[in-house]
Amino acid sequence: MATNCTSILKSLAWCQGTPELPGIKRRIYYIGKDQIVKWPTLAHDNRGRLTAAAYVGNFVLAADATWKYIDILPDKSQLTSEAQGEYPSMTQLNKLTAVHPGVGVDASALAAYVNNNDCVYLVETVPGKFRVVGSDAWLVKSTVAQDLGQGPTGTTSTTLSVEATDECPAPFYYGKIETEDGTIQPEQASTAAIEYNGTVYTTDNFEDLFTAVAADTNKTPAEVEAVYEQIVAANAGDYTMAADEFTERIADWKQAAAANP
């Protein structure tokens, strides 16, 4: 019997004149995988094929654990990705080079930690999108090189080099980033607002929104939240578009619930 394989291929458009800003920002974040209680997920079809390069959900960390930061020199740092392996088992090798200018005791201690630990990294691009370097499926290799400079015109540096296998080039991440200085979310999330039953909800009280919607739609708050996160990922982190689509989805749910009380 012939196998019926539905195509997952999509067109890839680009509008002439659209700027594609290169580079990464001056602060990256990292954490040991042993401090991650639950990973967000990448979407797959029923044959295991990746259907989106953005994580759905949040990194859930162990109690008192936070993402730590490393300040880097953006002009000397970069994130790249290349294919590896053989068909039909090819994967992507994501490579991060992050150059920190210092060579002091703290920078030296970083080497002792990451050289022998399985870590994951968050890198923010110039357009403001966070990318993940590291997967829960494969070991991440991190190595540190240090240069104390040479002569009066030399320069010092601590260079972190990371190699991480993944299913796609450094997946996008739109979820929460819990740091020692507080919780970070993508810039678009700070302005996300959804009106429901006369109440305007923002990211500060979306849990209340999910509960309110669940009460009217025969769903659980967790199911409502999961769908919202999927919509955010499908809209590439554009929270305004996600809010509009989510509002339409709620209307469909309420109509279905009314028809089947």
Side-chain angles (χ1 to χ4, degrees), residues 1-13 36-63 122 128-132 135-137 166-168 171-178 183-261:
M1 179 181 295
T3 301
N4 183 14
C5 295
T6 303
S7 175
I8 58 172
L9 300 181
K10 298 180 181 179
S11 297
L12 183 61
I36 300 174
V37 175
K38 182 181 179 182
W39 283 67
T41 58
L42 291 171
H44 297 79
D45 68 2
N46 58 5
R47 295 186 181 278
R49 297 176 297 185
L50 192 69
T51 58
Y55 275 113
V56 174
N58 297 292
F59 280 100
V60 179
L61 307 183
L122 297 179
K129 304 291 187 181
F130 281 94
R131 310 289 292 264
V132 180
S135 164
D136 61 341
D166 213 319
E167 292 183 79
C168 64
F172 289 78
Y173 177 62
Y174 306 124
K176 297 178 181 179
I177 305 171
E178 297 174 341
T183 300
I184 297 173
Q185 285 184 300
E187 183 179 351
Q188 299 95 324
S190 63
T191 59
I194 298 175
E195 182 177 355
Y196 184 70
N197 289 346
T199 300
V200 176
Y201 297 89
T202 66
T203 50
D204 293 332
N205 63 344
F206 266 7
E207 296 298 328
D208 295 335
L209 169 63
F210 301 144
T211 300
V213 171
D216 295 338
T217 58
N218 297 330
K219 296 186 179 297
T220 66
E223 289 173 333
V224 176
E225 181 178 8
V227 170
Y228 174 73
E229 291 174 345
Q230 291 170 0
I231 291 174
V232 170
N235 283 278
D238 188 322
Y239 283 79
T240 300
M241 293 180 63
D244 292 340
E245 185 175 335
F246 186 53
T247 300
E248 294 176 0
R249 188 71 62 87
I250 292 172
D252 292 339
W253 287 343
K254 291 182 71 172
Q255 185 176 3
N260 299 281

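Every value quoted in this text rests on a predicted model; they were computed, and no experiment measured them. All residue numbers in this chain count up from 1 along the given sequence.
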> Which distance, rounded to the nearest 0.5 Å, do you find between the OG1 of Thr211 and the OH of Tyr201?
8.5 Å

> Is any side-chain heavy atom of Leu61 less than 4.5 Å from a side-chain heavy atom of Ile36?
yes

> What pairs of residues pass the salt bridge (charged side-chain N to carboxylate O under 4.0 Å, His left out) test when at least one of them lies in residues 48-60, not counting sequence neighbours?
Asp45-Arg49

> Write down the atom of Leu209, the atom of Tyr196, and the distance for their closest heavy-atom approach.
CD1-CB, 3.7 Å

> What are the two closest non-hydrogen atoms of Leu9 and Ser7, and how far apart are they?
N-OG, 3.2 Å

> Report yes if some heavy atom in the side chain of Cys5 is under 4.5 Å from a heavy atom in the side chain of Arg47; otherwise report no.
yes

> Any idea which heavy atoms bring Cys168 and Ala53 closest together, and the distance?
SG-CB, 3.8 Å

> Could you tell me whether a side-chain N or O of Thr51 sits under 3.5 Å from a main-chain N or O of Ala43, the two making a donor and an acceptor?
yes

> Assert yes or no for the condition that the ring centre distance of Tyr228 to Phe246 is strictly below 6.0 Å.
yes

> Give, for atom OG1 of Thr217 and atom CD of Gln255, the distance between the pair rounded to the nearest 0.5 Å.
13.5 Å

> Might you point out which heavy atoms bring Val56 and Glu229 nearest each other, and give the distance in Å?
CG1-CB, 3.6 Å

> Take Leu42 and Glu167 through the side chain to side chain contact (heavy atoms under 4.5 Å, CB included) test and state the conclusion after the steps.
CA-CA 9 Å; Leu42 291 171; Glu167 292 183 79; 4.1 Å; yes

> Which heavy atom of Thr220 sits nearest a heavy atom of Ala214, and at what distance?
C-CB, 3.6 Å

> Rounded to the nearest 0.5 Å, what's the gap from CD on Glu178 to OG1 on Thr183? Could you check?
5.0 Å

> Which residues satisfy the ring pair (Phe, Tyr, Trp, His ring centres under 6.0 Å) test with Phe59, sequence neighbours excluded?
Trp39, Trp67, Tyr173

> Work out which heavy atom in Asn218 is nearest to a heavy atom in Asn260; give both atom names and the distance.
ND2-O, 3.6 Å

> Just grab all the side-chain hydrogen bond (donor to acceptor under 3.5 Å, both in side chains) pairs involving residues 241-254, residues at least two apart or on different chains.
Asn235-Glu245

> Just checking, is any N or O donor in the side chain of Asp216 or Asn197 under 3.5 Å from an acceptor N or O on the other one?
yes

> Measure the spacing between CD1 of Ile250 and CD1 of Ile194 and express it to the nearest 0.5 Å.
6.0 Å

